[in-house]
> 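Mind having a look at this structure? Questions to follow.
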Amino acid sequence: MGRVEIIRWRPEYELELLELWEREGLYREEVDLALDEDYVVIDTPPPYPSGPWGVAQAAHYAQIDMVARALRLLGYKVLVPFYADRNGLPAEVAAEKAYSIVAHEMARTPEGREAFLKLVSKLLDENEEALVRVWKRLGCLFDYWREGTDSPRYRAMTQATFIEMWKRGLVYRDVKPVQWCPRCRTSLAEAEIDFVKEEGRLYYVKFRVLETGEDIVIATTRPELLAACGAVIYNPRDERYKHLEGKHAVVPVYGHAVPILAHEMARPEYGTGLAMMCSYGDVRDLIFFKEQGIQPRVVVEKGGTMSELAGPLRGLRVAEARQRIAEMLRGEGLLVKEEEVVHEVPVCWRCKTPVEIIHVEEYFLRQLDFKDDVLRVADSMEFYPVEHKEKLDLWVRSLAMDWPISRTRYYGTELPIWTCARCGHAILPEPGRYVRPWKELPPVDSCPSCGAPRDAIVGESRVFDTWFDSSVTVLYVVNWLEKPDVAIKALSKAVRPQGYDIIRTWLYYTTLRTWLLTGRAPFRWVRITGMGLDEKGRAMHKSLGNVIYPEPYLERYGADAFRFWSAVASKLGSDYRWSEATVRSGLLFATKIVNIARFVTSFEEPRSGISLRPLDRAMIAYAARVAREVAEAYGRLDVYEPTLKLYHLVWDVFASSYVEMVKPRVYRRAGFKDAEVAGAVHTLYRVLRLSLKLLSPIMPFVCDYVWRSVEGGPVARGRLTEEDLGDEGGDPRLMERVVELNSAVWKWKKERGMRLSERIEGVLYLPEELRDVIEDVKHFHNIREVVVGKPETWDFEMGPGVHLKLS
RNA sequence: GGGCCCGUCGUCUAGCCCGGCUAGGACGCCGCCCUGACGCGGCGGAGGUCCGGGGUUCGAAUCCCCGCGGGCCCA
């Protein structure tokens with residue numbers, strides 16, 4: 001085969017290889033889910049095309065590619081699809097911003113809604129293109145599927161899962177209090193609520209006790225909810241208010257009387273120790289009203305304005321209403337005190353608008369009934385690292401309400417449902433086709449329940465929560481819609497790679513839904529990665545302005561160098577910190593590999609007449625041991641340990657010791673037999689090949705480049721073989737001893753200011769276990785004589801059992 | 001306020017479950033040196049209160065308790 005001629009690894013070589021890979025069709029591996037046995041399906045996270053990737057996401061996808069390539073090396077066929085998650089709010093919000101439009105206004109007519117969807121789709125296309133460019137540049141061999149989560153194919157599947165669940169009674173419609181984002185005009189699941197610290201004001205408001213006429217003072221951050229006040233509470237242990245038991249408080253401004261109750265929820269140290277319970281200030285209120293059976297009065301409307309019940313505040317936005325009521329109370333002398341406080345406010349995780357709790361009719365998926373099942377299913381999956389499984393278990397146990405799955409938005413999968421306006425009967429289509437009820441006629445001519453005519457049947461206009469779409473990605477990948485039997489088999493060969501931040505959402509919902517739909521676990525393996533941090537160790541956020549983008553580094557150091565960083569930045573599951581220095585190390589490593597190959601390929605590879613010396617066997621056995629360890633780690637979906645082990649093998653053991661030691665032999669300076677010269681060259685090629693194979697998942701470019709010279713063809717087609725793992729009867733520990741010995745001799749020469757090639761006039765005594773490498777050591781270090789044993793007297797002790805006697 | 005996880009040189013980490021040699025390695029830093037594959041490296045050095053405190057023990061980074069700090073989740 002050819003010789004490697006280059007001296008330095010350069011990112012430009014990667015660009016040439018990328019074209020080659022494209023021509024050779026390396027991006028798609030044909031996997032027959034029904035007939036093949038040894039395959040793995042990767043449930044690649046479909047990224048949200050809402051902007052360019054930072055180094056953290058880039059690293060995440062690079063790792064997915066490493067895992068895929070590693071599994072191929074181990075002999076599996078691997079299906080790694082890539083498609084985009086194109087549903088949901090962020091894209092809508094981005095489009096609203098980019099084109100200065102308001103979705104709710106445009107969507108008043110079907111034509112307007114259609115036009116809005118086109119704009120969102122266009123924006124998504126542009127962003128998706130940028131993402132594809134990056135992963136290609138990173139060397140990821142993903143199978144690019146153009147049909148993302150907004151494709152008719154995907155949406156038909158999402159709708160089919162809904163229809164199935166509806167038929168089984170797993171979905172129901174109900175009017176109940178839900179957490180609602182007034183900005184997005186949609187209800188939110190528990191997983192979609194974030195908490196932010198906010199500076200606010202604590203208002204001390206004077207109430208009157210109906211029975212006694214005395215004044216009591218209640219502290220609240222939300223005086224605008226006075227109209228919704230349903231009770232006043234104090235803590236049962238709080239002696240100050242014992243006498244109020246059973247009496248009533250008159251709500252200022254509104255004048256209605258509410259009961260005063262003793263309740264554990266009141267915190268004596270907060271404000272005055274008296275709290276007003278309103279429908280609804282927060283989730284605690286919700287629980288309280290339900291528990292006490294008090295009729296709620298909802299004073300906030302869907303758009304975030306105050307309702308009729310709020311009287312003088314009617315029509316105002318919540319924040320304005322708070323100002324206004326404070327002024328009114330102040331004017332009437334009912335505001336005793338105001339304090340600046342910092343409190344935690346629940347907000348919509350997407351747009352950060354404070355959440356309100358209001359009554360709306362939504363569709364709910366039953367989840368509280370299946371907690372135990374989900375926990376059991378979770379137990380059946382292999383988590384890497386296992387610590388993160390705890391997060392899923394805890395989340396499942398903490399769930400308190402069913403999952404509201406409908407959203408009043410537009411760029412999403414429509415609920416496939418029509419409702420009879422006359423009798424309320426729900427009409428669902430047959431599964432398999434993507435339907436849009438807001439613009440399509442119902443699949444029946446009249447209501448099957450009451451016989452109402454077709455024009456009395458109304459199409460649902462809402463769409464699904466994006467997690468309802470996203471939680472069936474794995475079913476999409478295994479083609480559950482068309483071949484459910486095959487899909488179920490494929491689930492047992494599926495891997496889920498994802499960050500720990502979306503365990504409570506993506507992983508949980510996927511587990512729940514897959515179990516409900518198939519009765520199976522969604523995955524065999526779950527691989528959890530940490531979060532990307534900037535060089536100072538802070539999480540990277542657009543809002544912090546500390547996001548680092550990969551492109552300039554890919555240009556300067558190349559994709560292999562970048563991948564090297566992403567592999568060694570942290571062990572699996574831990575947060576990983578950006579480090580340009582490590583990227584640079586990656587490039588130097590690539591250069592090292594190229595130069596080893598340059599040296600090795602300067603010799604013709606012998607095909608026969610080979611005689612291996614014990615040193616050669618030791619090197620082969622050592623490399624084989626590393627290969628077994630690396631294979632084992634790859635089997636655990638780990639790339640961190642393999643990279644460090646290979647770095648050590650290639651650099652410290654192979655390049656620094658073995659390669660240097662055989663130079664006297666291959667340059668024919670030392671009178672070794674021809675067959676032994678051939679043995680050294682054979683070993684050089686063999687260890688080089690094995691190293692390339694093992695390292696190719698991590699640094700595919702440089703490995704592929706060299707592989708084509710020494711072996712021909714793409715390294716991506718290489719598989720680890722029995723021969724690779726064979727040790728030729730050598731002892732890996734001998735190699736370790738040799739490395740130690742070399743180090744000791746180098747140190748000794750160094751301390752005397754000798755050149756490393758300078759002759760040592762004396763006799764080196766080695767311990768028995770180094771007997772077999774006497775000749776190699778003698779020529780390598782240029783020592784007059786090397787023998788086994790321990791002399792009576794010696795001049796230096798270089799290491800355990802290593803003595804030097806000068807002549 | 002509660003639950004869970006984590007805390008080892010500047011950085012990433014090994015060791016912790018199953019207490020025991022001067023807490024090991026890698027990257028980075030400093031000094032010296034080399035170079036017939038490679039300005040690539042080799043050798044040496046600086047750098048660690050193993051988060052703090054207490055306890056158990058002949059002996060604790062490791063086991064127990066109490067704090068502190070960080071993260072995630074829930075109130």
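Numbers restart at 1 for each chain; the letters A, B, ... are given by sequence-line order, proteins then strands. No hydrogens, no waters, no symmetry mates; every other heavy atom, side chains included, goes into these values.
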> Ignoring the backbone of A:K391, work out which of B:rG36, B:rC72, B:rC38 is nearest its side chain.
B:rC72
> Taking atom types as modelled and ignoring hydrogens, do the side chains of A:D652 and A:Y647 form a donor-acceptor contact shorter than 3.5 angstrom?
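Note: A:D652 and A:Y647 side chains miss the donor-acceptor criterion.
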> Compare the minimum distances between each of B:rC74, B:rG28, B:rU13 and the side chain of A:W395, then state the nucleotide with the smallest one.
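Among the listed nucleotides, the one closest to the side chain of A:W395 is B:rC74.
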> Tell me whether the NZ or CZ atom of A:R636 lies within the 45° cone about the ring axis of A:Y384 and under 6.0 Å from its centre.
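No; the conditions do not both hold, so A:R636 does not lie above the ring face of A:Y384.
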> Is B:rA26 paired to anything, Watson-Crick or G-U wobble with both distances less than 3.5 Å, and if yes, which nucleotide?
B:rU11
> Round to a whole Å and report the spacing from CD1 of A:I596 to C1' of B:rG41.
12 Å
> In whole angstrom, give me the gap between the P atoms of B:rC68 and B:rG52.
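To the nearest whole Å, 15 Å.
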> Touch check for A:V659, heavy atoms < 4.0 angstrom, all strands: base, sugar-phosphate only, or nothing?
base
> In the structure shown, which nucleotide is the Watson-Crick or G-U wobble counterpart of B:rC4, with both distances under 3.5 Å?
B:rG71
> In whole angstrom, give the distance that lies between atom CG of A:D501 and atom P of B:rC4.
22 Å
> If you measure from the Lys or Arg side-chain nitrogens to the Asp or Glu carboxylate oxygens, is any gap between A:D372 and A:R376 under 4.0 Å?
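Answer for the salt bridge query: no.
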> Could you tell me how far apart A:N782 (CG) and B:rC34 (C1') are, to the nearest whole angstrom?
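The distance from CG of A:N782 to C1' of B:rC34 comes to 15 Å, rounded to the nearest Å.
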> Map A:V600 and A:D652 onto RNA chain B by nearest heavy atom, then report which one ends up closer to the 5' terminus.
A:V600
> For B:rC9 and B:rC5, measure between their P atoms and round to the nearest Å.
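So the two P atoms sit 22 Å from each other.
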> Nearest whole angstrom, please: distance from the C1' of B:rG25 to the CG of A:L646.
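These atoms are roughly 16 Å apart.
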> Rounded to whole angstroms, how far apart are CD on A:E660 and P on B:rC43?
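Distance, rounded to whole Å: 12 Å.
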> Name the residue from A:R686, A:R3, A:R689 that meets the salt bridge (Lys or Arg N to Asp or Glu O under 4.0 Å) definition with A:E605.
A:R689
> Check if the side chain of A:R584 and the base of B:rG28 share a donor-acceptor pair of N or O atoms closer than 3.5 Å.
no
> B:rC38, B:rC40, B:rU13: which one has an atom nearest the side-chain heavy atoms of A:L588?
B:rC40
> Select one nucleotide: of B:rU13, B:rC73, B:rG41, the one nearest the side-chain heavy atoms of A:R504.
B:rC73
> Specify the separation, in whole Å, of atom NE2 of A:H648 and atom P of B:rA14.
17 Å
> With a non-hydrogen cut-off below 4.0 angstrom, is A:A569 in contact with a base, only sugar-phosphate, or nothing?
sugar-phosphate
> Using whole Å, what does the distance between atom P of nucleotide B:rC27 and atom CZ of A:F589 come to?
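Computing the A:F589:CZ to B:rC27:P distance gives 11 Å.
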> C1' atom, B:rC6 versus B:rC16: distance in rounded Å?
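The same atom, C1', in both gives a distance of 14 Å.
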> Output yes when at least one side-chain N/O atom of A:R8 is less than 4.0 Å from OP1 or OP2 of B:rG39, else no.
no
> Check the distance between B:rC38's P and A:L688's CG and give it to me in whole angstrom.
16 Å
> Nearest nucleotide by nearest heavy atom, which residue falls closer to the 5' end of RNA chain B, A:Y500 or A:A744?
A:A744
> Can you check side-chain contact (heavy atoms from CB on, under 4.5 Å) on A:L572 and A:T529, steps first, answer last?
CA-CA 6 Å; A:L572 184 56; A:T529 43; 3.9 Å; yes
> What's the verdict on ring-ring contact (aromatic ring centres under 6.0 Å, His included) for A:Y553 and A:W578, showing C-alpha distance, side-chain angles and the deciding distance?
CA-CA 11 Å; A:Y553 302 98; A:W578 172 247; 4.8 Å; yes
> Can you tell me the pairing partner of B:rC33 across any strand shown, Watson-Crick or G-U wobble, with both distances under 3.5 angstrom?
B:rG41
> C1' atom, B:rG54 versus B:rC32: distance in rounded Å?
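So the two C1' atoms sit 48 Å from each other.
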> Between B:rG47 and B:rA23, how far apart are the P atoms? Round to whole Å, please.
14 Å
> When the C1' atoms of B:rG10 and B:rA46 are considered, how many whole Å apart are they?
12 Å
> With rounding to whole Å, what would you report as the distance between B:rU56 and B:rC4 at their P atoms?
26 Å
> Which whole number of Å gives the distance between the C1' atom of B:rU8 and that of B:rA14?
10 Å
> State which of B:rC73, B:rC38, B:rC27 makes the closest approach to the side chain of A:Y647.
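Nearest nucleotide to the side chain: B:rC27.
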> Does atom CZ (A:R556) have a neighbourhood of more than 12 heavy atoms from anything else shown, all under 6.0 Å?
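Atom CZ in A:R556 is crowded, with more than 12 foreign heavy atoms closer than 6.0 Å.
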